[in-house]
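For this chain, numbers begin at 1 and follow the sequence in order. Keep in mind it's a predicted model, so treat the numbers as computed, not measured.
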Amino acid sequence: MLNCVFHLGRFGNAEAYIGFEISGHAGYGKAKNEREGNDIVCAAVSSCTMLVCNAITENFGAEADVKVDENRITLKLNERNEAAEQLISAFYEHLGELSKEYGKIRLSIN
């Protein structure tokens, strides 16, 4: 199961998404008796996670702490950046749609 925890916080008076932590493994390919490495759910989540991280830091120029470990990626904004906050919100919605379609994704807001 992929665990996707999104963090709400405040910069000034506005509450917004300020980061996320993605960890675990979907196990979707294994459930479908496919070879290791053929998990379309993990591939989709990994790809969009890296897109979001790179867009926030490289394209939007937001100050953010990004950490990539084995089976875990975290991002935390260090400053207010409305574009980054909106992208994190869209990422949450996207993962929700993937979860509806394939399961294997647990979403929560902290």
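Leu77 and Val5 are not part of a single hydrophobic cluster, where members link through side-chain heavy atoms under 4.5 Å apart. Leu75 and Ile109 fall within the same hydrophobic cluster, defined by Ile, Leu, Val, Met, Phe, Trp and Tyr side-chain heavy atoms under 4.5 Å apart, directly or through other members.
Nearest heavy atoms, Thr57 versus Ala64: CG2-CB, 4.2 Å. Smallest separation of non-hydrogen atoms from Cys4 and Leu95: SG-CD1, 3.9 Å. Across all their heavy atoms, Met50 and Ile73 have their closest contact at SD-CD1, 3.8 Å.
Partner of Phe91 under the side-chain contact (heavy atoms from CB on, under 4.5 Å) criterion, chosen from Thr49, Leu51, Ile56: Thr49.
For Glu82, the side chain to side chain contact (heavy atoms under 4.5 Å, CB included) test picks out Arg80, Glu85, with sequence neighbours left out. Legend: residues meeting side chain to side chain contact (heavy atoms under 4.5 Å, CB included) with Asn71, ordered by chain and number and at least two apart, are absent. Remark: Glu93 engages no residue in a side chain to side chain contact (heavy atoms under 4.5 Å, CB included) (not counting sequence neighbours). Checked against ring pair (Phe, Tyr, Trp, His ring centres under 6.0 Å), Tyr102 has the following partners two or more places apart in sequence or in another chain: Tyr28. Residues passing the side chain to side chain contact (heavy atoms under 4.5 Å, CB included) test with Ala83 are Phe60, Asn81, sequence neighbours excluded.
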Report, one line per pair, each donor and acceptor closer than 3.5 Å where one atom sits in a side chain of residues 7-27; sequence neighbours left out.
residue, atom, partner, partner atom, Å
Arg10, NH1, Asn13, O, 2.7
Glu21, OE2, Arg72, NH1, 2.1
His25, ND1, Gly27, N, 3.2

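Under the 4.5 Å side-chain criterion, counting only non-hydrogen atoms from C-beta, Asn3 is in contact with Met1. Using a 4.5 Å heavy-atom threshold, the side chains of Thr74 and Lys76 count as separate.
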Audit row: Tyr92, Leu107, side chain to side chain contact (heavy atoms under 4.5 Å, CB included) steps and yes/no: CA-CA 8 Å; Tyr92 176 83; Leu107 285 170; 4.1 Å; yes
